[in-house]
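In what follows, chains carry the letters A, B, and so on, assigned in the order in which the sequence lines appear, proteins first and then strands, with residues in each chain numbered from 1.
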Number of protein chains: 4
Amino acid sequence: MFELDIRSRKAIYEQLVDRIKELIINQVLQPDEKLPSVRMLAKQLTINPNTIQKAYRELEQQGYLYSIQGKGSFVAPVEVMHNEMKLNEVKSQLLKLISEAVYLGLTKEDLLTLYEEAKQKMEGGDENDDRDS
Amino acid sequence: MFELDIRSRKAIYEQLVDRIKELIINQVLQPDEKLPSVRMLAKQLTINPNTIQKAYRELEQQGYLYSIQGKGSFVAPVEVMHNEMKLNEVKSQLLKLISEAVYLGLTKEDLLTLYEEAKQKMEGGDENDDRDS
Amino acid sequence: MFELDIRSRKAIYEQLVDRIKELIINQVLQPDEKLPSVRMLAKQLTINPNTIQKAYRELEQQGYLYSIQGKGSFVAPVEVMHNEMKLNEVKSQLLKLISEAVYLGLTKEDLLTLYEEAKQKMEGGDENDDRDS
Amino acid sequence: MFELDIRSRKAIYEQLVDRIKELIINQVLQPDEKLPSVRMLAKQLTINPNTIQKAYRELEQQGYLYSIQGKGSFVAPVEVMHNEMKLNEVKSQLLKLISEAVYLGLTKEDLLTLYEEAKQKMEGGDENDDRDS
DNA sequence: GTGGTCTAGACCACG
DNA sequence: GTGGTCTAGACCACA
């Protein structure tokens, strides 16, 4: 579930951040669900606990997790207010990436296909799904 | 034209890569156009020539530039064949980014707006083309 | 009345300390008024009694509460003598915080507004006093 | 200049953060001025480089510093736009602290005295000062 | 030489 | 048992 590539150029803690963020976005990890403890996960992945902690801390700063002393780390519920700033950041990144993709031949249809794909993955993780949103 | 933010967290050579890539994508830099020499640009930006070189090498590897010994570096024309691999990479990045954006509240309309924006910038850079694509 | 945020980074006992201090300052809790027993409050808030005890002990040390064996904990009346030391501590904290706020753009008017706001809340909590101080 | 109390309950990196923030606010450290390198400062204070790095990183996240790979860490210039959010946070903290201080006997005059004191320290650090602002 | 990352351990605060 | 802090080292990427 949290497998990572030790040989990758990308820093281990960054891989973890990306992977966990993905699990949250696709609702595999539900709001307020507890994540593995720093030490447990460290043992399981055979990496240093500090590395896990750094990833958790980063996710906390980005608003995806919250952690409680002596209890553990948990998935943060989405809060619309706080996200507007983040959405604008992501939009700016998207504009750049879409530009590059279009330059390389991406069509509007391709883009919409990707959108549907993203949607589908998110609904797939939601067990209480009522079919279409 | 190549101004960069010395205070940014992003490495200077990366900023250069992104900036030049952007200029190529928006067709400000046309195919086969010559880029400034490493030394000239280094002097102009008052940074280390090695940094410029690293950026040019990176762009060459990504297929955006080609260089000729003793002549300089030039913008590579888009080649459809070679791009399919890159398009798939970018598509994969896009899927991740779109997923995150949707999680944060992006709508399909937002996405199409971004698409049109990207298109427009590319056409705007093309001075010899007033027609719609 | 004592609701606390389980997701907060701040330790639970600290949240309790702050909340009770606030209630005392705003005169919602009057001098010599009895606070809920450790066990009752623990049951009501569904947290560990030790946590309540730690908060009460902390407030006692800070001079906001006094406790009587077998009777419970009570709000301490303000004593001018004992407060001079604390006032100086708080003044020192205030100086730091005001400096930071001014650095971030706080004006003298903003500060006076905050002062009036603080005053108002304290008078608002005093149900038997409609006059100005 | 960066002396810290190793016996204090407060974490070393937090002491560093507070101290450096203070130096920036009082303009002892000027915008774009370089801070001691992580290793130099670690050697000077005889503490672990990681602890310094944690402090620098925290200050960077709070917007007081920016750091550049291979160059060092520098004081960030104040940007009014980005600070409004922070100002509101600090205002909220101020309201609480002023309430407590008033409860302990702080007068409006005391508060204004503290304000002037804060102002004075900030101007004192400004070498190009034109007397009053 | 600089910051950034990682490891392998230790101790503390919290509940 | 949990996260948070700190130490004492090591290696890498950047300029």
- Find out whether A/M1 and A/L29 are in side-chain contact, i.e. whether some heavy atom of one side chain is under 4.5 Å from a heavy atom of the other. yes
Which side-chain N or O atoms in residues 86-99 of chain C pair as donor and acceptor under 3.5 Å with protein atoms at least two apart or in another chain?
| residue | atom | partner | partner atom | Å |
| --- | --- | --- | --- | --- |
| C/N88 | ND2 | C/E84 | O | 3.3 |
| C/S99 | OG | C/L95 | O | 2.8 |

- In plain terms, say whether A/D5 and A/K10 are close enough for a salt bridge, that is, a side-chain N and a carboxylate O under 4.0 Å apart. no
- Residues from residues 67-75 of chain D lying under 4.0 Å of DNA chain F - heavy atoms: D/Q69, D/G70, D/K71
- Message: What residues from residues 49-61 of chain A pass a heavy-atom cutoff of under 4.0 Å to DNA chain E?
- Response: A/N50, A/T51, A/K54
- Message: So C/L16 and C/L45, do their side chains get closer than 4.5 Å, heavy atoms only?
- Response: yes
- Message: Once side-chain contact (heavy atoms from CB on, under 4.5 Å) is applied, do any residues pair with C/E58, and if so which ones, sequence neighbours excluded?
- Response: C/V17, C/Q61, C/Q62
- Message: Do C/V38 and C/K43 have side chains that approach each other closer than 4.5 Å (heavy atoms only, starting at C-beta)?
- Response: no
- Query: With side chains defined as the heavy atoms from C-beta onward, is the minimum distance between A/V75 and A/Y64 less than 4.5 Å?
  - Reply: no
- Message: For a 4.5 angstrom cut-off between non-hydrogen side-chain atoms, does C/N26 reach D/Y103?
- Response: no
- Using a heavy-atom distance cut-off of less than 4.0 Å, which residues of residues 32-48 of chain D contact DNA chain E? D/S37, D/V38, D/R39
- Evaluate the side-chain proximity of B/K34 to B/S73: yes if any heavy-atom separation is below 4.5 Å, no if none is. no
- Task: Taking side-chain contact (heavy atoms from CB on, under 4.5 Å) as the test, write out the residues that go with A/I6, two or more places apart.
- Result: A/I12
Going by atom type alone, with no hydrogens or angles, which donor-acceptor pairs under 3.5 Å involve a side-chain atom of residues 46-56 of chain D and a protein atom two or more places apart or on another chain?
| residue | atom | partner | partner atom | Å |
| --- | --- | --- | --- | --- |
| D/N48 | OD1 | D/N50 | N | 2.7 |
| D/N48 | OD1 | D/N50 | ND2 | 3.4 |
| D/Y56 | OH | D/P36 | O | 2.8 |

- Query: Do C/L35 and C/L59 have side chains that get closer than 4.5 Å, going by heavy atoms?
  - Reply: no
- Task: Check every nucleotide of DNA chain E for an atom under 4.0 Å from a heavy-atom of chain D, then give the first and the last such nucleotide from 5' to 3'.
- Result: E/dG1 to E/dC6
- Message: Could you work out, with side-chain contact (heavy atoms from CB on, under 4.5 Å) as the rule, every residue matching B/E60, not counting sequence neighbours?
- Response: B/S67
- If you round to the nearest 0.5 Å, how far is NZ of D/K71 from CZ of B/R7? 12.5 Å
- Message: In dot-bracket form, 5' to 3', how is DNA chain E paired? Count Watson-Crick and G-U wobble pairs only if both distances fall under 3.5 Å, and write | where the partner sits on another strand.
- Response: ||||||||||||||.
- Message: Counting only heavy atoms and a strict 4.0 angstrom limit, can you tell me which residues of residues 6-19 of chain D come near DNA chain F?
- Response: D/A11, D/I12, D/Y13
- Message: According to side chain to side chain donor-acceptor pair (under 3.5 Å), who are the partners of A/N83, at least two apart in sequence or on a separate chain?
- Response: none
- Message: Tell me if a side-chain donor or acceptor on D/Q27 pairs with a main-chain N or O of D/I24 at a distance below 3.5 Å.
- Response: no
- So do D/L41 and D/F2 actually touch side chain to side chain, heavy atoms under 4.5 Å? yes
